[in-house]
Amino acid sequence: MTDSAKPTLMVVDGHSLAYRAFFALPVENFTTKDNQHTNGIYGFLSMLVNLIKAEQPTHLAIAFDTSRHSFRTDEYPEYKATRSESPQEFKGQIPLLQDCLAAMSIPVLTKEGIEADDILATLASQGAEQGYDVLVVSGDRDTIQLVNDDVTLLYPSVQGVSQLKRYDPTTVQERYGVRPEQYPDIAALVGETSDNLPGVPKVGEKTAVKWLTQFGSLDELIARADEIKGVVGGNLRDHVEDVRRNRKLNRLLTDVELPVGPADLEVAPIDAQAVRDIFARLEFRTLLPRVFEAVGAGEVADDPASVVVLPAPVDVAPADLAAWAAAQDGDVSLRVTTQGGVPVRIGAATLTDLREADWTDTAAEALREWIESDAPKVLHDAKPQVKALIRQGLRLRGLSYDTSLAGWLLRPSFPDKTLADLVERYLGEKLPEADPSQLVPETEGATPSQEAWFALRVADALREDIPESVGTVLVDIELPTLLTLADMEVAGVAVSHEVLSTFSGELATRAEGLAQEAFSVVGREFNLGSPKQLQEVLFEDLQLPKTRKTKTGYSTDAAVLADLQESHPHPFLSLLLQHREATKLRQIIESLDTAIGDDHRVHTTYVQTGSQTGRLSSTDPNLQNIPVRTEESRRIRSAFEVGEGYEALLTADYSQIEMRIMAHLSGDEGLIEAFNSGEDLHRFVGARVFGVDPSDVTPAMRTKVKAMSYGLVYGLSAFGLSKQLRIEQSEAKQLMVEYFARFGAVRDYLRASVMKAKEVGYTETIFGRRRPFPDLASPNRVLRENAERAALNAPIQGSAADIMKIALLHIHDDLRSEQLSSRVLLQIHDELVVEVAPGEWDATERIVRARMGDAAELTVPLDVQVGRGRDWNEAAH
DNA sequence: CCAGGCACGTA
DNA sequence: CGTACGTGCCTGGT
């Protein structure tokens, strides 16, 4: 307990505690937009703030090591020699942490050749002498020796930095069985592996305590070492010098010459603005109020970020809102709230003025001129709002910014940002939200125009942060794509319930039959869909060998079952696989069927911020994973039909777009020639790799190089390739060697591309879309290698996504500007499905071919395959 | 009622 | 020990 009459001096080992925080906190949550890692800084400061709040020190200092070199390494060069170098991404955080401490007016103490713990020891000893209650905070066990009636040690428990255990003389005695000042004797006998200080073999804490209790002191023990019997006695006598050395090295210095003493360390007022500045740079949001609270400063009120004056919304009629908006010079932010896809209220804002109106019957006409004008409009998550307007017959133009898209482009690993999230991150403010747990909420949510106002300010903040190339991607690609997707989603695609339900019925019958047959083979009934019950049957009832382990048991996936069938053929396995296939198809059909609307069409939602690479994703339902591989599964595609009033479906897909991008980016002459030769790609590559004539490339050779080529794009290893092709690893390795011997520039490009990403911390597509990769610098090998493969793939997959988006929006715009009724319905990454109106086939095909072909200027041509049919399956041929 | 794990569909 | 996604079922927790 601290005596309130006495001042409290708290001295902290900054290095060891920040290092623990560094490993305790996941780096992905603590990385700024310019890829500065902050987990060590955040964890340390968070702990410090809690400590200050709990202990209320009157005097405070943080000590740091200067380098590995110290008087101890002079004495014994092996000291700490086995300790691995601390990672660069930790070291880089120390200066920033010290900047934070400086802003908080907390003295940072270092001394060349002296370790942080010696500084703590010196200050603790001076403090105790001068009448302070001393708190030592350190992660090094040697500091236990400092504990006495005036000095308490706070030591991180195994749980981590958030929990500190308090050691006074009594707790030390309870825990270690000796008095604090004897602890170094124990440590000297036992040794310290982490410091590379070997002790007496076979002697652990228990023996050491026993000896010390028996002999009273280490000197006495050594003097009478002869009295100890057995192997340990011999060990002791053989290692007396080690023990003496250990004891010498683990004694902390209490007489280090320091420029300051305890009295100079009085807690001083913090520099609030400096703290705000550096925390802003490190993107700490929640820590700021905690710091201010802990130091008891009434500073929070001064924080401009927390005193936000919301302009009051002015309620007007839609026509007045439109007139007001049209009269503004710059950006006007817009927010349309909807219910069931129908507008209910509309708000608009500039930085100073807010207007809002209920959506009335005449609203559409009153707003048309402004909404459809080029006047710049800023929205957050515009697509649902644009769709609601489309259904009212209004086509929004002049979309100048979407904060949801911009936030995603800046940090694609944090998708799906709500406006509230962005307001907190980029403005450091809180978006007023109605408490959803209450029927009549006590707190009012933001009104539409207030949300628009926040979005406008977020947009301004994002514009500051976004690199130029990423801003170009937003304006030239993403915003026009958003408007295109809105049209596609509203259009939907016609799906035949009849085709689906016939197929579903067949599958249900088949699945039931397969299940019954499977049960009779096994001898009992069970749930085929339960992995748990399935494992019982496979590995217990049927006594099949255990397969690949998973977190919860053993895998039963298709690849594993196929292997099993080969090694231990059993009729059940084939029945199970067929049953899986039938039920899977049925599930897909059912979910598709329930998604068919009153208009007999299915309206998916494209999530524009749904991937980290720039691809779209599709949900409710996902129309980007409709089966295609087997003949039977393609029956589902035949349910996607041309809609009433239209003539045909047109499908258009890029062939081998990723390999073409690879050829372009790598400049590999062989690969470029492959694409310019007109020869089948895999045949051409196979001929080169196997040194035969293209006409002599066998199907097996073609399969191998095809897998290799595609694998390249994903960062495939020889191991992975051998597994996929079911060949020996040595053969896979040889295949890779031959491949790279012919297409060396590809390997050079991939290597250089990952290297560059490591250097700058992000990858970039041909069009400037970026994806940050903090894990490329991770000390964790698994994380790092995963990041390397993703970084290898990102520019390729991302550039393909960019190209398709550009083609898509050009096609969309051309169809409209040529006043055609044909319309794009679906995008499946490298394929488009277009619904063609009567008489428009030729024009539509011309536009699609031209726009897909010229979406990017690469060193190889972009090849486009077009098909026509009454349904999707037919059109694919 | 929800989250995590598994399996599996697509590019 | 190959990238990027979404969905449905089962399970074991709330």
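Every chain is numbered from 1 and lettered A, B, ... according to where its sequence line falls, protein lines coming before strand lines. What you see is a predicted model; the values in this text were computed from it and never measured. What you see below is based on every heavy atom in this structure, not just the backbone, and it leaves out hydrogens, waters and symmetry mates.
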Rounded interatomic separation in angstrom, taking [atom1] from [X] and [atom2] from [N]:
X         : N       : atom1 : atom2 : result
Arg635(A) : dG9(B)  : CZ    : C1'   : 18 Å
Met708(A) : dT3(C)  : CE    : P     : 16 Å
Tyr654(A) : dT10(B) : OH    : C1'   : 19 Å
Leu592(A) : dG6(C)  : CG    : P     : 17 Å
Asn786(A) : dT3(C)  : CG    : P     : 7 Å
Glu658(A) : dA4(C)  : CD    : C1'   : 9 Å
Leu534(A) : dC6(B)  : CG    : P     : 14 Å
Ile636(A) : dC8(B)  : CD1   : P     : 16 Å

So, is [X] near the phosphate of [N], with a side-chain N or O under 4.0 Å from OP1 or OP2?
X         : N       : value
Ser617(A) : dG6(C)  : yes
Thr613(A) : dC5(C)  : no
Thr552(A) : dC6(B)  : yes
Arg629(A) : dT10(B) : yes

Least distance between heavy atoms, His603(A) atom then Val490(A) atom: CE1-O, 2.9 Å
List the atom of Tyr654(A), the atom of Ala807(A), and the distance in Å for their closest heavy-atom pair. OH-CB, 3.5 Å
What's [X] touching, base or sugar-phosphate or nothing? Going by heavy atoms closer than 4.0 Å.
X         : answer
Arg615(A) : base
Val628(A) : sugar-phosphate
Ile796(A) : nothing
Gln612(A) : sugar-phosphate
Ala558(A) : sugar-phosphate

B/S/- along nucleotides 7-14 of chain C (protein heavy atoms under 4.0 Å) is SSSSSS--
For DNA chain C, the residues among residues 537-551 of chain A that have a non-hydrogen atom under 4.0 Å from it: none
Mark yes when over 12 heavy atoms from residues, nucleotides or ligands other than [X] sit less than 6.0 Å from its [atom1]; otherwise mark no.
X         : atom1 : value
Glu728(A) : CD    : no
Lys758(A) : NZ    : yes
Arg524(A) : CZ    : yes
His570(A) : NE2   : yes

Are Gln565(A) and Ser574(A) close enough, and set up right, to give a side-chain hydrogen bond (donor to acceptor under 3.5 Å, both in side chains), and what steps lead you there? CA-CA 8 Å; Gln565(A) 178 71 298; Ser574(A) 145; 4.8 Å; no
Assess, by modelled atom type and distance only, whether the side chains of Ser655(A) and Asp863(A) contain a donor and an acceptor separated by less than 3.5 Å. yes
Would you say that Glu731(A) contacts Gln729(A) through its side chain, given a criterion of any heavy-atom pair below 4.5 Å between the two side chains?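 No - every pair of side-chain heavy atoms lies 4.5 Å or more apart.
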Select one nucleotide: of dA7(B), dT3(C), dA11(B), the one nearest the side-chain heavy atoms of Asp557(A). dA7(B)
Under a 4.0 Å N-O cut-off, is there an ion pair linking Glu631(A) with Arg634(A)?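 Answer for the salt bridge query: yes.
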Would you state whether a donor and an acceptor, one from the side chain of Gln624(A) and one from the base of dT10(B), lie under 3.5 Å apart? no
